[in-house]
Amino acid sequence: NIMMRGYCVAGEVEKGIGFFEEMERKGCLPNVVSYNTLMDAYFKKGRAEEAMSLFEGMKYRGMEPNLISYNVVINGLCREGRMEEASEMVKEMGWRRLKPDEVTYNTLVNGHCKGGNFHQALVLHAEMVKNGLSPNVVTYTSLINSMCKAGNLHRARELLDQMRVRGLRPNDRTYTTLIDGFCQKGLMNEAYRLLREMMDNGYKPSLVTYNALINGHCVMGRMEEALGVVREMEEKGLAPDVVSYSTIISGFCKDQNLDEAFRLKQEMGARDVSLDAVTYSTLINGLCQQNRLPEACNLFQEMIRLGLSPD
RNA sequence: GCUCAAUGGCGCAG
């Protein structure tokens with residue numbers, strides 16, 4: 001199970017399956033944890049149907065799914081936007097006398113948030129309380145993120161206050177969520193105020209936090225500041241990743257400054273940061289916006305040569 | 001040993 005998990009989190013699900021099959025062959029039969037691990041990996045790779053048939057398979061073979069099995073399946077269905085089926089699974093849990101826990105509810109709350117149904121997310125939040133479970137920092141971070149994505153920063157702050165009133169402390173992800181919300185709107189002063197609060201509370205800004213700040217400056221067209229954040233993170237020993245670079249490249253493309261955009265592409269190569277399909281799309285789009293179609297085609301071919309599939 | 005929340009492009013939807 002440990003080997004399976006190792007390969008699955010590395011994205012090599014096929015190798016994970018190899019261990020699963022080896023267990024069957026050698027008479028060390030996979031248990032519920034093996035099934036849960038593989039199902040989760042399938043869902044996270046977007047291979048929902050294979051995950052579901054594993055789930056059916058385990059039931060057929062008389063292996064009882066546990067609470068975590070259902071949480072995995074519910075999360076998988078939520079990621080696919082299949083909220084109806086996710087609710088059906090909660091009913092199915094009941095037949096097996098399994099009670100949804102905080103993770104189950106957090107998963108459903110987040111699913112409804114991502115699906116844009118904030119109202120239903122609040123309904124689930126209330127139901128969770130009614131069932132004697134306490135919404136935690138994960139629950140609130142989902143709700144806050146939903147409001148940030150909708151641009152309703154006022155409501156996001158209210159939720160932050162509400163969680164504090166209930167004795168919950170925002171963590172680094174909660175702060176990063178809010179910082180991103182303000183950055184998306186270009187409200188950099190607020191974003192930096194939250195960053196300071198985050199640090200005062202003992203949390204170090206993560207790579208994701210820095211990327212959110214970089215994006216905020218790019219949204220405002222303040223490319224010097226965006227590059228300044230990169231320098232700052234490097235001083236702290238954090239290396240910019242493909243997201244940091246793509247964000248800045250996108251900013252330069254919007255600024256019609258393709259020279260700088262391509263300079264950064266080169267820098268990525270020099271620093272051993274691989275471009276992904278999003279980075280290429282950003283650059284291709286930048287070229288197309290300027291009617292530089294032959295160069296766009298060349299980049300398109302370059303990405304295919306590198307084994308990246310266009311989406 | 002297994003499950004939940006945060007960051008980048010385009011399109012679609014709003």
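First the proteins, then the strands, lettered A, B, ... as listed; each starts at 1.
Here A/Gln184 reaches the OP1 or OP2 of B/G8: one of its side-chain N or O atoms lies under 4.0 Å away. Taking side-chain N and O atoms only, A/Lys149 has a distance below 4.0 Å to OP1 or OP2 of B/U7.
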Extract from the structure each pairing of a protein N or O with an N or O of nucleotides 9-11 of chain B at less than 3.5 Å, listing the distance.
| from | atom 1 | to | atom 2 | distance (Å) |
| --- | --- | --- | --- | --- |
| B/G9 | O4' | A/Thr282 | OG1 | 2.9 |
| B/G9 | N2 | A/Ser281 | OG | 2.8 |
| B/G9 | N2 | A/Asp311 | OD1 | 3.4 |

Contacts under 3.5 Å, N or O only, protein and nucleotides 2-4 of chain B:
| from | atom 1 | to | atom 2 | distance (Å) |
| --- | --- | --- | --- | --- |
| B/C2 | O2 | A/Asn36 | ND2 | 2.5 |
| B/U3 | OP1 | A/Arg5 | NH1 | 3.2 |
| B/U3 | O2 | A/Asn71 | ND2 | 2.7 |
| B/C4 | OP1 | A/Lys44 | NZ | 2.7 |
| B/C4 | O4' | A/Thr107 | OG1 | 3.4 |
| B/C4 | O2 | A/Asn106 | ND2 | 2.7 |

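What separates OH of A/Tyr175 from C1' of B/A5 is a distance of 16 Å, to the nearest Å. The OH-C1' distance, from A/Tyr210 to B/G8, rounds to 18 Å in whole Å. Atom-to-atom, CG of A/Asn117 to C1' of B/G14 comes out at 14 Å; the value is rounded to the nearest Å. One interatomic measurement links the two molecules: CD1 of A/Ile2 to C1' of B/G1, which rounds to 5 Å at whole-angstrom precision. Regarding A/Asn152, its CG atom lies at a distance of 20 Å from the P atom of B/G14, rounded to whole Å. A/Ile214 has its CD1 atom 19 Å from the P atom of B/A6, to the nearest Å. Here B/G8 presents its C1' atom at 13 Å from CG of A/Leu275, a figure rounded to the nearest Å. Between the NZ atom of A/Lys265 and the C1' atom of B/G8 there is a distance of 17 Å, given to the nearest Å.
Nucleic acid contact for A/Thr247: sugar-phosphate only, since backbone atoms but no base atoms lie under 4.0 Å from a heavy atom of the residue. Residue contacts shown for A/Thr174 are absent, as no nucleic acid heavy atom lies under 4.0 Å away. Among the heavy atoms of the strands lying under 4.0 Å from A/Thr279 is at least one base atom, whether or not backbone atoms are also near. Using a 4.0 Å heavy-atom distance criterion, A/Val242 is classed as a base contact.
Partners of A/Tyr7 under the ring pair (Phe, Tyr, Trp, His ring centres under 6.0 Å) rule, at least two apart in sequence or in another chain, are A/Phe19. Annotation: side-chain contact (heavy atoms from CB on, under 4.5 Å) contacts of A/Glu92 (sequence neighbours excluded): A/Phe55, A/Lys59, A/Tyr70, A/Met89, A/Trp95, A/Arg96. Not counting sequence neighbours, the partners of A/Ala86 by the side-chain contact (heavy atoms from CB on, under 4.5 Å) test are A/Ile74, A/Leu77, A/Cys78, A/Leu108.
By the 4.0 Å N-to-carboxylate-O rule, A/Glu24 lies close enough to A/Arg61 to be salt-bridged with it. Taking the charged nitrogens against the carboxylate oxygens, A/Glu127 and A/Lys130 have no contact shorter than 4.0 Å, which rules out a salt bridge. Ion pairing of A/Glu234 with A/Arg231 is absent here, as no side-chain N (NZ or NE/NH1/NH2) approaches a carboxylate O to less than 4.0 Å. Between A/Glu64 and A/Arg97, none of the side-chain N atoms (NZ, or NE/NH1/NH2) sits under 4.0 Å from a carboxylate O, so this pair counts as no salt bridge.
At a cut-off of 3.5 angstrom, counting only N and O atoms as typed in the model, there is a donor on one side and an acceptor on the other between the side-chain of A/Asn171 and the base of B/A5.
Atom CG of A/Asn189 has 12 or fewer neighbouring heavy atoms from other residues, nucleotides or ligands inside a 6.0 Å radius.
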Quiz: residues 261-270 of chain A side-chain donor-acceptor pairs under 3.5 angstrom, not counting sequence neighbours:
| from | atom 1 | to | atom 2 | distance (Å) |
| --- | --- | --- | --- | --- |
| A/Arg263 | NE | A/Glu260 | OE1 | 3.0 |
| A/Arg263 | NE | A/Glu260 | OE2 | 3.3 |
| A/Arg263 | NH1 | A/Glu267 | OE1 | 3.3 |
| A/Arg263 | NH2 | A/Glu260 | OE1 | 3.1 |
| A/Lys265 | NZ | A/Glu302 | OE2 | 2.9 |
| A/Glu267 | OE2 | A/Tyr245 | OH | 3.0 |
| A/Glu267 | OE2 | A/Arg271 | NH2 | 3.2 |

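Checked against the 6.0 Å centroid criterion, the rings of A/Phe118 and A/His125 do not qualify as a close aromatic pair.
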